[in-house]
Amino acid sequence: MASVKDLKDLSPQELDEFRNDMRHSAAHVLAEAVLKLHPEAKLTIGPTIEVGFYYDFDVDEPFTPDDLKAIEKEMRRSINRNSKFVEREVTREEAREQVLDNPYKVEILDGIPEGTRVTFCSHSDGAFEDLCRGGHVEQTVDIKAFKLLSTAGAYWRGDENNKMLQRVYGTAWESKEAQADYLHRIEEAERRDHRKLGRELGLFFFDPIAPASPFFLPKGAFVVNELTAFVRDLYKRYDYKEVITPQIFNTDLWRKSGHYDNYADNMFFINIDETEYGVKPMNCPAAAMLYGSETHSYRELPLRYADFGRLHRYERSGVTHGLTRVRSLTQDDAHIFSTMDQIGSEIRGFLDMLRDSYEVFGFDNPRFTLSLRPEKRVGIDDMWDRAESALEEILADSGFEYETVSGEGAFYGPKIDIFVPDALKREWQLGTVQLDFSLPERFNLEYAAEDGARHKVVVIHRAMLGSIERFLGVLIEHLGGAFPLWLAPLQAVIVPIADRHVAYAHDVKEILEKHGLRVEVNDSSDRMNAKIRAAQLQKVPYMLVVGDREAEENAVAVRTRTGGNLGAVSITEVVESLVKETEQKSLEPLLSATDD
RNA sequence: GCCCCGGUGGCGCAGUGGCUAGCGCAACCGAUUUGUAAUCGGUAGGUCGAGGGUUCAAAUCCCUCCCGGGGCUCCA
């Protein structure tokens, strides 16, 4: 049990442990305060989380913001009274006797093996006691800083068939400063929220007329197209062939693919001419149609079909979120048709491509998971054995950190998922690569082998950026909306100081545009300060100020959005540098204050 | 889908039963011609999310629905 006095000497692990103990203790104090103010409340569980703690209560009336304030006040009172945390060990059966009036605690105890000893923890000199797994600070004043953040509904044991409880979230830290830092980080994350930035930067918006489906304005569409072009470029190098497939299919296809039985709740259906059609939520069946439309030889394999088709998924109303969870989306989707022996090299090739591309965006720490066979699945175990060990081996060789999760694979095959965190530290799945043993069976997808015999192909589904929409959302937060030059819809704003410089400004614009650069002149009647500010708020990478001096020497005064004023630079040099920075897809400006 | 909170000009917000519903930014018009984050003045713009109800009177109270937010659940 760590003591606060020697906080400064704690190792990172010890500090983690101390925070954990403190947050757990704070949860106890929270429970005490709630019981005091709402005696009818039933306690359930109160674990710690990465940045704090929560406690779930069964109460008749949900907590209001005022309740939250009152509870927080009561907690402070209890902490300031300062009492020791005391643990008491009893048998499971004794504990059960004590909590008989609380069905939740009884359920918890009944889940523990008979004869196990359990602990109660108390503070406030025994006035409050709760069943507990242990791990506390010594006394209540060791909870140095805490704050209740929010309330939310949450199902008992996370099961939506169970009763909904009221959850109170809080954060707690070893010092006021550490807490202030954390709260500041939250604010910063809110500033980077892609939904807010999407609006402010004129990238996209949402309208109730098409729930959870983004409208991309010209600037947003530019970035989306640029991302797509980036992927297409990689496809050339990695020998993918792009295909185009329909949007709406007769339901017969969805029955054949299995989507009708397994995914219909997430699909949009249309009835025309007494026939039912489904809007595609995935490209796979269409890819299978393409493959099946011709006979194939082993010589053609692997065959890689890329499809940027627009998908529609009916996501339940409570789960949509900005661009990261939408109902209308596009994936950088491809299906690879290969032999069993080619799986290894195909996935290796995909991971190479993925590594190269994530680096371009500055995603240096993607997290990988390998999901293995679930209970309910198709295919014989021998096939799963081979596929799983192939994936495992590739990941082990790749140098990426990864973890294995059993039972999480798709029913049709094992998969690797790639996750990246957004500004609020929520992780989002971007890329995925999945083996599919089911599609070839259902659509009878075969190839003629060397000996003339027919074999089933293996299908590999893979997406690198995942949903382009989601990728853009995560990217906006990652970059705080400041796109690197190659992705910036507007690369530079030319700022004439007075009207007499406007003509020269347009000359400069023409030269830059001839070199493929995206430039605008701000010839409004605003003062230059206001023009700088406007460009700055739009996160335009470069501001090129032109006045008498610049016009005279065929130059522009360069300012970067990071605030650096580089003074006069010749137009030739600016063109050269910006073109180079664009071509290199550089994350940092090449023209920077430290140059010359 | 479930719990709570919310929806007022393009955007951000104020207004909690009582005259023609306000403010800031943006937009538009005019003046200003300025050296690195906001020049000044004026104009226009709103069936207060939708429908129903209560009331002499509803942005404001009640009901239903839609949409958004924080969570939960889900995520082939």
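The sequence lines fix the lettering, A, B, ..., with proteins before strands; numbering per chain opens at 1.
- Across the interface with RNA chain B, nearest-nucleotide mapping of A/D207 and A/E315 shows A/D207 to be the residue nearer the 5′ end.
- Pairing for B/G68 is with B/C5, a Watson-Crick or G-U wobble pair whose two hydrogen-bonding atom distances lie under 3.5 Å.
- Taking atom OH of A/Y504 as the reference point, atom C1' of B/G35 lies 15 Å away to the nearest angstrom.
- Remark: the backbone N or O of A/T320 is not paired with any side-chain donor or acceptor of A/E315 at under 3.5 angstrom.
- In a base pair of the Watson-Crick type (N1 to N3 plus N6-O4 or O6-N4) or a G-U wobble (N1-O2 and O6-N3), with each distance short of 3.5 Å, B/C25 is matched with B/G10.
- The backbone N or O of A/A488 lies less than 3.5 Å from a partner atom in the side chain of A/R518, making a donor-acceptor pair.
- Contact annotation for A/A535: no contact, since no heavy-atom pair falls under 4.0 Å across all strands.
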Atom pairs, N/O to N/O, protein against nucleotides 3-9 of chain B, distance under 3.5 Å?
residue: B/C3; atom: O2'; partner: A/Q166; partner atom: NE2; Å: 2.9
residue: B/C3; atom: O2; partner: A/G153; partner atom: N; Å: 3.3

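- Between the side chains of A/T251 and A/R255, not a single donor N or O lies within less than 3.5 Å of an accepting N or O.
- Of the candidate nucleotides B/G1, B/C67, B/U34, B/U34 has the atom lying nearest to any side-chain atom of A/R500.
- Atom CZ in A/R167 sits about 11 Å away from atom C1' in B/U73, given to the nearest Å.
- Although no hydrogens or angles enter the test, the distance criterion places no donor-acceptor pair under 3.5 Å between the side chain of A/K509 and the main chain of A/V521.
- Side chain of A/D332 to main chain of A/L465: a donor-acceptor pair is present (N/O by atom type, distance under 3.5 Å, no hydrogens or angles).
- Nucleotides B/C28 and B/C65 are separated by 38 Å at their C1' atoms, to the nearest Å.
- As judged by a 4.0 angstrom heavy-atom cut-off over every strand, A/R559 is placed among the base-contacting residues.
- When heavy atoms are screened at a 4.0 angstrom cut-off, A/D548 is found touching base atoms of the nucleic acid.
- Here A/E550 lies in heavy-atom contact (under 4.0 Å) with a base.
- Residue contacts for A/A212: at a heavy-atom cut-off of 4.0 Å it reaches the sugar-phosphate backbone alone, with no base atom in range.
- Checking A/H335 against A/D307 by side-chain atom types alone, no donor-acceptor pair falls below 3.5 Å.
- When the P atom of B/G10 is taken as reference, atom CZ of A/F204 falls 20 Å away, rounded to whole Å.
- Separating the CZ atom of A/R157 from the P atom of B/C72 is a distance of 17 Å, rounded to the nearest angstrom.
- Comparing the P positions of B/C23 and B/G6 gives an interatomic distance of 26 Å, to the nearest angstrom.
- When heavy atoms are screened at a 4.0 angstrom cut-off, A/Y169 is found touching the sugar-phosphate backbone but no base atom.
- How far CD of A/E346 is from CZ of A/F337: 12.0 Å, rounded to the nearest 0.5 Å.
- Contacts between residues 459-469 of chain A and RNA chain B, counted as heavy-atom distances below 4.0 Å, involve no residue at all.
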Pairs of donor and acceptor atoms involving the side chains of residues 212-223 of chain A, under 3.5 Å and at least two apart or interchain, shall be tabulated with distances.
residue: A/S213; atom: OG; partner: A/P211; partner atom: O; Å: 3.1

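- Backbone-only contact: A/A530 has heavy atoms under 4.0 Å from sugar-phosphate atoms and none from a base.
- Residue A/Y263 is in sugar-phosphate contact alone, with no base atom involved, counting any heavy-atom pair closer than 4.0 Å across all strands shown.
- For the salt bridge (Lys or Arg N to Asp or Glu O under 4.0 Å) test, residues two or more places apart in sequence or in another chain that qualify with A/E200 are A/K196.
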Please tabulate the protein-to-nucleotide N/O contacts below 3.5 Å involving nucleotides 24-32 of chain B, giving atom names and distances.
residue: B/A31; atom: N6; partner: A/S525; partner atom: OG; Å: 3.3

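- Close to B/C74, at under 4.0 Å from its OP1 or OP2, lies no side-chain N or O of A/R325.
- The pairing partner recorded for B/U16 is none, the criterion being a Watson-Crick or G-U wobble arrangement whose two distances lie under 3.5 angstrom.
- One P atom belongs to B/A14, the other to B/U8, and the distance between them is 10 Å to the nearest Å.
- For the 3.5 Å distance criterion, the side chains of A/R310 and A/S328 qualify, holding a donor opposite an acceptor.
- Distance from the side chain of A/L537 is smallest to B/A37 among B/U33, B/A37, B/G35.
- When Watson-Crick and G-U wobble pairs are counted only if both distances are under 3.5 Å, B/G30 pairs with B/C40.
- Rounding to whole angstrom units, CG of residue A/N162 and C1' of B/C74 are separated by 15 Å.
- When each of A/T320 and A/R442 is assigned the nucleotide of RNA chain B bearing its nearest heavy atom, the one mapping closer to the 5' terminus is A/T320.
- Within the model, atoms CG of A/L439 and CD of A/Q434 stand 11.5 Å from one another, a figure rounded to the nearest 0.5 Å.
- With C1' as the reference atom, B/U16 and B/C67 are 23 Å apart, rounded to whole Å.
- Comparing atom distances between the A/A557 side chain and each of B/C74, B/U36, B/G70 picks out B/U36 as nearest.
- With sequence neighbours left out, A/F419 forms a ring pair (Phe, Tyr, Trp, His ring centres under 6.0 Å) with no residue at all.
- A/W156 has its CH2 atom 18 Å from the C1' atom of B/C2, to the nearest Å.
- The side-chain heavy atoms of A/Y169 and A/T151, taken from C-beta on, include no pair separated by under 4.5 Å.
- Here A/G158 lies in heavy-atom contact (under 4.0 Å) with sugar-phosphate atoms only.
- Between A/N262 atom CG and B/C75 atom C1' the separation is 13 Å, expressed in whole Å.
- Taking OH from A/Y155 and CG from A/N161, the interatomic distance works out to 9.0 Å, rounded to the nearest 0.5 Å.
- Here B/U54 sits opposite no nucleotide as a Watson-Crick or G-U wobble pair (both hydrogen-bonding atom distances under 3.5 Å).
- Within the 4.0 angstrom heavy-atom criterion, only backbone atoms of the sugar-phosphate kind lie near A/N529; the bases stay farther away.
- The base of B/G71 lies outside donor-acceptor range of the side chain of A/Y54, with no N or O pair under 3.5 Å.
- Between the OG1 atom in A/T245 and the CE atom in A/M289 there is a gap of 10.5 Å [rounded to 0.5 Å].
- The side chain of A/P211 sits closest to B/C67 out of B/C67, B/G1, B/U36.
- One atom, CG of A/L201, and another, C1' of B/C11, lie 13 Å apart when rounded to the nearest Å.
- The side chain of A/R199 places an N or O atom within less than 4.0 Å of a non-bridging phosphate oxygen (OP1 or OP2) of B/C11.
- Within the 4.0 Å cut-off from OP1 or OP2 of B/G70, at least one side-chain nitrogen or oxygen of A/H321 is found.
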